[in-house]
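Step one of this worksheet: look at the structure below.
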Amino acid sequence: MTKRIALILGIVSVFLLGWATRTIAQQAQFQVSVDLVQLNVAVTDSKGNYITGLKPSDFIITEDGISEKLAFFAEGNGPARSLIEGQPAPEENKPPEASFVPRESAAPGSEATDSLSAAVVGSNVFILFDTSNYMYRGFVFAQDAIADFVRSLEKADKVAFYSYSRDLSRAAKLTADRGDVVRGVRTTVAGDDAALYNSLLLTVKDASQTMGRKVVVVFSNGPDNSSVVPPEDVAELAQSSGIPIYMISTREARLEPVSTAVFERMTAATGGKAYFSKNWRDERKAFESIRDDLGHLYSLSYYPKDNQNHGWRSISVRLAGERLKNCHVRTRNGYRPHSMHFGGGGETASETGASN
């Protein structure tokens, strides 16, 4: 009888020990799945000039009204500085004074081209080209413009080129070979109906799988007449993934007011911009503006504090101090956290949409 009781107690002890071990492991998995939220932030004055030289203390970030503390900070193409206690941030003791950079300051010629191409150092650029029947009139001009744009990105990390009409074509997947991307541009052919939002959703999904800064640049000249995905879903995924969307089109697209409103709303929500050039041969200013914008973004990262909201989380970025009260801040306005769990080997089973 005594032996039987001892055996039962032993079995119960083993069960309880196993349960406790699994519970601790699950808690540990939960603890390491904290999201690092990264924001790409543009700061301009009332005339549209970029404000440079800002410090981490110049930014006030709240998530669902909860004040957040910056963990990492970077300006433009500079390296990220850790602001976490115990990890020194180099050259943080003597930060530069805030200043502005006029948009027209770049001098013409090769030096300006070098400066603009250097603005996307370390970025992964995904280009999405509209080859639908809306592009028939300017198809060749658009190809030339995109090829020139790709060549100007020689100092970016990698570039991908996709095209779409009814379906998405990954003509050149993310690569450092600019020649491969240009060949992808040159081999595109005009198609039929336009499924912009379907294709843009797939492009954003691809971009979200890459590490580091990424951006999507869309060349489109007409409305969407074939998608089953609403533009709101695309915008939410891009916001949650921290991917700004830039839309470049001609003024012909403005003849369709609904598409124009969607383009402007989507780019604003993700921290990007919408451009409407006179024609495809006159789009150079839009390209230069995008490269310039990427080169002047502040990168702000934080670990969100405890928040029981598992749905849409609103983000607010404001500037501190009287001297910056008239400046404008442009960034994404929120995200939806995705669930994250780990497999038996410790690998991530699903990625979070909050990190960038």
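What you see is a predicted model; the values in this text were computed from it and never measured. Here, residue 1 is the first one in the sequence, and each next residue gets the next number. FYI, side chains are in, hydrogens and waters are out, and symmetry mates aren't considered; it's all heavy atoms of this structure.
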> Is there any salt bridge (charged side-chain N to carboxylate O under 4.0 Å, His left out) pair reaching into residues 238-249, and which pairs are they, with sequence neighbours excluded?
Replying inline: none

> Side-chain contact, heavy-atom cut-off 4.5 Å: Tyr303 with Phe72?
Replying inline: yes

> Listed by chain and number, what are the side-chain hydrogen bond (donor to acceptor under 3.5 Å, both in side chains) partners of Asp192, not counting sequence neighbours?
Replying inline: none

>> Could you check whether Asp58 pairs with Arg323 (Lys NZ or Arg NE/NH1/NH2 to Asp/Glu carboxylate O, under 4.0 Å)?
In response: yes

> Step by step, would you call Asp144 with Arg186 a salt bridge (charged side-chain N to carboxylate O under 4.0 Å, His left out)?
Replying inline: CA-CA 8 Å; Asp144 291 342; Arg186 294 302 184 190; 2.8 Å; yes

> Less than 4.5 Å apart, any side-chain heavy atom of Asn133 and any of Asp193?
Replying inline: yes

> Name the one of Ile243, Leu237, Thr203 that satisfies side-chain contact (heavy atoms from CB on, under 4.5 Å) with Ser208?
Replying inline: Ile243

> Shortest non-hydrogen contact from Phe73 to Pro56?
Replying inline: CG-CG, 3.7 Å

> Does the side chain of Ile66 come within less than 4.5 Å of Arg313's, by heavy atoms?
Replying inline: no

> Would you say the side-chain atoms of Tyr275 and Ser289 include a donor-acceptor pair closer than 3.5 Å?
Replying inline: yes

> Roughly how far apart are Ile315 CD1 and Ile61 CD1, rounded to 0.5 Å?
Replying inline: 8.0 Å

> Can we call the ring centroids of Tyr197 and Tyr164 under 6.0 Å apart?
Replying inline: no

>> Checking side-chain polar atoms at under 3.5 Å, does Tyr50 have a donor or acceptor matched by the opposite partner on Asp292?
In response: no

> Who are the ring pair (Phe, Tyr, Trp, His ring centres under 6.0 Å) partners of Phe149, not counting sequence neighbours?
Replying inline: Phe287

> Does the side chain of Pro304 reach to within under 4.5 Å of the side chain of Asn307, using non-hydrogen atoms?
Replying inline: no

